[in-house]
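Inspection log for the structure reproduced underneath, given as structure tokens.
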Amino acid sequence: MLPGQNKVGIVETNKHSLYMKGMETKKQSVLGAGAYEPKAVEQGIYSSWEKSGYFNPDNLPTEKDAKAYVVYMPLPNVTGSLHMGHALDNTFQDITVRYHRMRGRKVLWLPGTDHAGIATQYVVEKELRKQGISRFEIGREKFIEKVWEWKTEYGGRILEQLRRLGCSADWSRTRFTMDPAYAKDVQKAFIHYYERGWLYRGYRTVNWCTRCATSLSELELEYKDEETNLWHIKYSDEVTVATTRPETMLGDTAIAVNPHDERYQKLVGKKVTLPITGREIPIVADEAIDPKFGTGMVKVTPAHDVLDFEIGERHKLPMIVVIDGRGKMTKEAGAYEGMKSADARAAVVEELTKQGRIVKVEPYPHRVSVCYRCGSSIEPTPSAQWFLSMRELAKLAMDAVHSKKVAIHPERFEKPYFDWLGNIRDWTVSRQIWWGHRIPVYFCKNKADDEKSFVVAETAPKKCPHCGTCEMEQAPDVLDTWFSSALWPFAGLSESDKEKYYPGHTLITARDILNLWVARMIYSGLEFMGTAPFKNVLIHGTIMTKEGKRMSKSLGTGIDPMKYIEEYGADVARFAVVWQATGQDIRWDETAVVGGRKFTNKIWNAAKFVLGQIEEGAMFPVAAGALDAERFSPADKAVVESLSKLKKSVAHDIETFEFAKALREFYDFFWHEFCDGYLEASKAQLANITDAPRTRAILMHVLYESLVVLHPFMPFITEAIFDKLPKKTNALLLIEQWK
RNA sequence: GGGCGUUUAGCUCAGUGGUAGAGCGUCACAUUGACAUUGUGAAGGUCGCAGGUUCAAUCCCUGCAACGCCCACCA
């Protein structure tokens with residue numbers, strides 16, 4: 001029973017009221033006299049849903065041949081807490097999931113969390129640092145223990161928040177990407193790729209975060225604008241290069257020019273002396289050089305620039321490492337050893353200036369790459385890493401979308417998808433952090449220097465095939481977090497579920513992880529399961545501040561959806577989000593929350609009115625025959641027809657992912673046609689003895705159908721009202737069938 | 001350098017080849033009435049700018065501008 005509710009309350013007689021005539025003995029609405037109070041009922045309703053077991057498709061009272069409808073939840077990071085993006089994303093998912101459950105499908109919404117390697121390690125390291133502990137002091141094993149502790153304590157928070165939002169995911173199947181069964185699939189995938197010859201080890205210049213001390217893939221980089229200089233440095237009378245990074249010249253092993261650049265063709269094959277170090281380096285010709293930029297001559301530092309590394313490979317240039325993995329100058333940097341690279345830059349410029357070699361300094365706006373997790377600058381650094389060849393996998397992913405086996409909505413997002421896959425480079429999948437899936441690779445201890453003395457296997461071989469004596473040692477690297485999340489649609493399922501609940505139907509997410517995650521799930525599904533993991537990808541808008549700025553916790557521009565849930569209830573938060581989510585990016589507007597609040601009030605009061613009119617013994621839903629269409633008044637006819645049109649339209653909208661449109665249509669119907677129009681008209685009809693029974697039936701009919709149609713959007717208030725309807729069974733609106 | 005998106009009422013946004021719409025806000029009136037978290041009504045828009053197609057353009061085409069986002073191995 002709701003607070004403020006009064007089961008025995010009697011409606012006061014009202015002599016001035018026409019429609020109340022003859023109804024003095026009617027009971028007050030079972031919804032009581034008070035306003036709707038979401039805070040008082042939402043948690044209770046949610047737990048009755050959970051207790052019912054109907055979030056689990058295996059418990060649904062579906063027809064034998066009911067088709068499965070599966071949605072894989074985009075994995076929130078264990079470090080995360082609910083933000084507006086999650087609220088939008090998960091409300092959309094919940095709408096589709098609740099809708100299809102009501103349409104009789106066997107619905108599974110699979111939830112889980114991602115171990116989020118770098119992000120989580122970063123958070124826990126920060127926690128430890130507060131206690132004055134560095135991860136190196138306590139060592140790998142102990143550190144990982146700490147992360148697990150942290151995960152146990154905080155990792156479930158976001159899932160709790162999703163419950164508060166009303167998400168009807170099957171929590172009994174919740175997976176964490178480092179659960180043993182999941183880890184098994186990750187290992188298998190690694191070994192599978194290795195056996196196919198697509199996964200290989202290489203020593204290359206890769207993107208390296210100097211703070212996290214690990215490699216990163218290109219999708220894990222972010223960019224920051226920086227004002228720097230383009231220094232023109234004269235190496236000799238004939239050779240002047242332009243660079244933004246003078247300190248790396250200490251590691252130069254060539255000068256490159258475009259082969260068609262007539263100015264410099266005669267220099268190709270000659271040598272030049274590198275200032276400061278005095279080393280002689282060759283001048284080579286390479287197509288990658290743009291003759292129009294700078295002087296048309298480029299210093300080549302294969303160890304500290306990804307493009308230069310490739311030039312180096314083509315011309316078999318040596319690599320000289322002058323900056324280490326922590327961003328400090330190495331022994332190779334001579335006098336600059338031990339300096340931070342930024343300081344070395346200043347020192348090198350100073351020295352070159354002294355030597356009169358700086359011939360020009362131009363201010364140069366530049367974009368530098370930074371780590372997407374910690375924001376530290378990226379230092380390209382050579383290291384031994386594992387790479388996944390993307391040629392075949394990218395083809396699988398492209399074909400799936402070209403053939404429309406996977407449809408991306410809106411279609412324009414196909415372009416960035418194809419652009420990325422079409423120009424893809426091999427994926428650096430190894431990371432030098434501790435928190436994550438350790439790669440299933442074992443090295444021979446006795447031939448530690450031999451890059452080829454390893455075995456790829458699920459467990460350490462009993463006997464080392466390389467030396468025959470050692471116990472092999474597992475490689476220290478872990479996998480890129482996205483390597484494991486790419487497997488989510490099947491690795492998140494038990495073996496028997498893989499048969500029943502793969503593939504899914506629609507993946508709903510924001511555009512920022514289209515390639516990082518969605519593309520990788522598509523080819524992983526195709527490679528390992530033989531089918532794409534879903535038929536549709538829905539990319540929704542991004543929620544920004546009202547000023548059009550990105551919502552970000554660190555900038556203090558974020559708005560916490562929990563605030564609205566706590567203050568006005570989940571339905572209002574969901575309403576506000578969906579109301580605004582028309583497809584474009586959203587500039588968050590508080591007035592949508594106001595609208596939602598007013599709307600819940602409207603629904604509650606309309607229901608109160610209808611329930612106050614029904615007679616003893618009346619039952620929901622109304623039998624079709626009771627509607628007596630023959631005798632419909634124009635108002636009756638209008639509302640019944642509108643409702644039936646609305647129902648079709650909302651169903652269509654949900655199936656085509658037009659959630660905002662659906663909600664607005666419902667809003668217009670319910671508020672204006674039903675409340676402003678029919679409810680008012682009904683008052684006169686109820687006062688007339690011949691019209692009253694039919695009118696009551698229509699009121700009941702419209703209320704019932706409205707609850708059904710609105711439930712996917714605003715599940716709590718609709719369930720709260722449904723609960724009070726006199727009806728034959730005690731079933732939940734959650735599984736009421738939308739017919 | 002390339003691509004994409006947006007530009008409509010005071011604010012946030014829908015929308016359509018033929019009198020321009022919503023939410024919120026504003027103003028007036030209504031108050032024992034399911035609901036004042038309300039009702040009725042009103043004010044408020046050369047639909048970014050310039051061309052073009054058309055009988056007709058806010059909508060289609062071209063160009064421009066502003067804002068935003070993404071991609072790129074021009075150092």
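Computation of the quantities below employed the complete heavy-atom set of this structure, encompassing side-chain atoms and omitting hydrogens, waters and symmetry-equivalent molecules.
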* Watson-Crick/G-U partner (both atom distances under 3.5 Å) of B/C60 -> B/G52
* **Nucleotide forming a Watson-Crick or wobble pair with B/A22, both distances under 3.5 Å** => B/U12
* Taking only side-chain nitrogens and oxygens of A/Lys598, does any of them come within less than 4.0 Å of OP1 or OP2 of B/G23? -> no
* With both distances kept under 3.5 Å, what pairs with B/G44, Watson-Crick or G-U wobble? -> none
* To do: Please state the C1' separation for the pair B/A57 and B/G15 - nearest whole angstrom.
  => 15 Å
* To do: Using a strict 4.0 Å threshold on nitrogen-to-oxygen distance, state whether A/Glu665 and A/Lys645 make a salt bridge.
  => no
* Remember a base hit wins even if backbone is also touched, and classify A/Leu679 as base, sugar-phosphate or nothing at under 4.0 Å, heavy atoms. => base
* Asked: When you measure from the side chain of A/Lys602, which nucleotide among B/A75, B/U38, B/U37 comes out closest?
  -> B/U38
* Please state whether the rings of A/His672 and A/Tyr667 are parallel, tilted or perpendicular, taking 30° and 60° as the class boundaries. => perpendicular
* Structure fact -> For B/G5, the nucleotide meeting Watson-Crick or G-U wobble distances (both under 3.5 Å) is B/C67
* To do: Please measure how far the P atom in B/G45 lies from the corresponding atom in B/U8, and state the result in whole Å.
  => 15 Å
* Are OP1 or OP2 of B/A14 and a side-chain N or O of A/Thr582 less than 4.0 angstrom apart? -> yes
* Using the P atoms only, state how far B/G44 lies from B/A20, rounded to an integer number of Å. => 14 Å
* Have a look at A/Asp512 and say if it touches a base, only the backbone sugar-phosphate, or nothing, with a 4.0 Å heavy-atom cut-off. => nothing
* Structure fact -> Here the distance between atom P of B/C35 and atom CD of A/Glu37, to the nearest Å, is 16 Å
* OP1 or OP2 of B/G23 sitting under 4.0 Å from any side-chain N/O of A/His672? -> yes
* Pairwise C1' distance, B/G17 and B/U53 [rounded to whole Å] -> 12 Å
* Taking atom P in both B/G25 and B/G18, compute the distance separating them and give it to the nearest angstrom. => 32 Å
* **Salt-bridge criterion met for A/Lys299 and A/Asp305 (N-O under 4.0 Å)** => no
* Asked: Does the distance from a Lys or Arg side-chain N to an Asp or Glu carboxylate O, for A/Arg425 and A/Glu218, drop under 4.0 Å?
  -> no
* Asked: When the ring planes of A/Phe659 and A/Phe92 are compared, do they come out parallel, tilted or perpendicular, using 30° and 60° as the limits?
  -> tilted
* Asked: Can you tell me how far C1' of B/U38 sits from CZ of A/Arg597, to the nearest Å?
  -> 14 Å
* How would you label the contact of A/Glu590 with the nucleic acid (heavy atoms, under 4.0 Å): base, sugar-phosphate, or nothing? -> nothing
* **Short side-chain N/O contact to B/C13 OP1/OP2 from A/Lys546, under 4.0 Å** => no
* **Given B/C35, B/G5, B/U12, the nucleotide with the shortest approach to the side chain of A/Arg412** => B/G5
* Asked: Could you give the CZ-to-C1' distance, from A/Phe674 to B/C35, as a whole number of Å?
  -> 13 Å
* **Proximity to the side chain of A/Ala35 - top-ranked nucleotide from B/A75, B/C24, B/U37** => B/U37
* Asked: Looking for any heavy atom pair under 4.0 Å, which part of the strands does A/Ala592 touch: base, sugar-phosphate only, or nothing?
  -> nothing
* Asked: Roughly, in whole Å, what's the span from NZ in A/Lys608 to P in B/A36?
  -> 8 Å
* Distance-only donor-acceptor test (3.5 Å): side chain A/Lys415, base B/C4 -> no
* To do: Could you tell me how the ring of A/Phe666 sits relative to the ring of A/Phe670: parallel (under 30°), tilted (30 to 60°) or perpendicular (over 60°)?
  => parallel
* Asked: B/A42 and B/C64: how far apart are their C1' atoms, nearest whole angstrom?
  -> 39 Å
* Asked: What's the CG-C1' distance between A/Leu686 and B/G33, to the nearest Å?
  -> 14 Å
* Asked: Think A/Arg520 forms a cation-pi with A/Trp427, using NZ or CZ under 6.0 Å from the six-ring centre and within 45 degrees of its axis?
  -> yes
* Asked: What's the closest nucleotide to the A/Arg367 side chain, out of B/C24, B/C13, B/C71?
  -> B/C71
* Structure fact -> Taken to the nearest whole Å, CZ/A/Arg587 to P/B/C67 is 12 Å
* Structure fact -> From the candidates B/A72, B/G23, B/G5, the one with an atom nearest any side-chain atom of A/Asp589 is B/G23
* Asked: When rounded to the nearest Å, what value does the distance between P atoms of B/C11 and B/U46 take?
  -> 13 Å
* Asked: Does B/A22 have OP1 or OP2 sitting under 4.0 Å from an N or O in the side chain of A/Trp671?
  -> no
* Structure fact -> Rounded to whole Å, the CD1-P distance (A/Ile424 to B/C71) equals 14 Å
* Asked: More 5' along RNA chain B: A/Tyr667 or A/Asp676, using each one's nearest nucleotide?
  -> A/Tyr667
* Does B/G39 have a Watson-Crick or wobble partner in any strand here, with both distances under 3.5 angstrom, and which is it? -> B/C29
* Run the salt-bridge test on A/Arg664 and A/Asp668 with the 4.0 Å N-O cut-off and return the result as yes or no. => no
* Looking at B/C24, B/U37, B/C74, which one has an atom nearest to any side-chain atom of A/Asp290? -> B/C74
* To do: Using a heavy-atom cut-off of under 4.0 Å over every strand shown, decide if A/Phe599 touches base, sugar-phosphate, or nothing.
  => nothing
* **B/C47 versus B/A14 - spacing of their C1' atoms, nearest Å** => 13 Å
* To do: Verify the contact: side-chain N or O of A/Gln584 to OP1 or OP2 of B/U6, cut-off strictly under 4.0 Å; return yes or no.
  => yes
* Asked: Just one of A/Lys546, A/Met551, A/Met544 clears the side chain to side chain contact (heavy atoms under 4.5 Å, CB included) bar with A/Trp588, so which one?
  -> A/Met551
* Flag this pair as yes if the NZ/CZ of A/Lys683 is under 6.0 angstrom from the six-membered ring centre of A/Phe609 and inside a 45 degree cone about the axis; otherwise no. => yes
* Check every atom of B/G23, B/A75, B/C71 against the side chain of A/Ile289 and return the nucleotide holding the closest atom. => B/A75
* Along RNA chain B (nearest heavy atom to each residue), the more 5'-positioned of A/Ile586 and A/Gly595 -> A/Ile586
* Reckon A/Val298 touches a base, only the sugar-phosphate, or nothing at all at heavy-atom distances under 4.0 Å? -> base
* Would you indicate what A/Tyr364 reaches in the nucleic acid, counting non-hydrogen atoms under 4.0 angstrom: base, sugar-phosphate, or nothing? => sugar-phosphate
* Using atom OH of A/Tyr568 as one end and atom C1' of B/C24 as the other, report the distance to the nearest whole Å. => 14 Å
* Asked: Is A/Trp579 touching bases, backbone alone, or none of the nucleic acid, heavy atoms closer than 4.0 Å?
  -> sugar-phosphate
* Asked: With sugar-phosphate meaning primed atoms plus P, OP1 and OP2, does A/Arg511 contact a base, only sugar-phosphate, or nothing at under 4.0 Å between heavy atoms?
  -> sugar-phosphate
* **Phosphate-side-chain proximity, A/His366 and B/A75, N/O vs OP1/OP2 below 4.0 Å** => yes
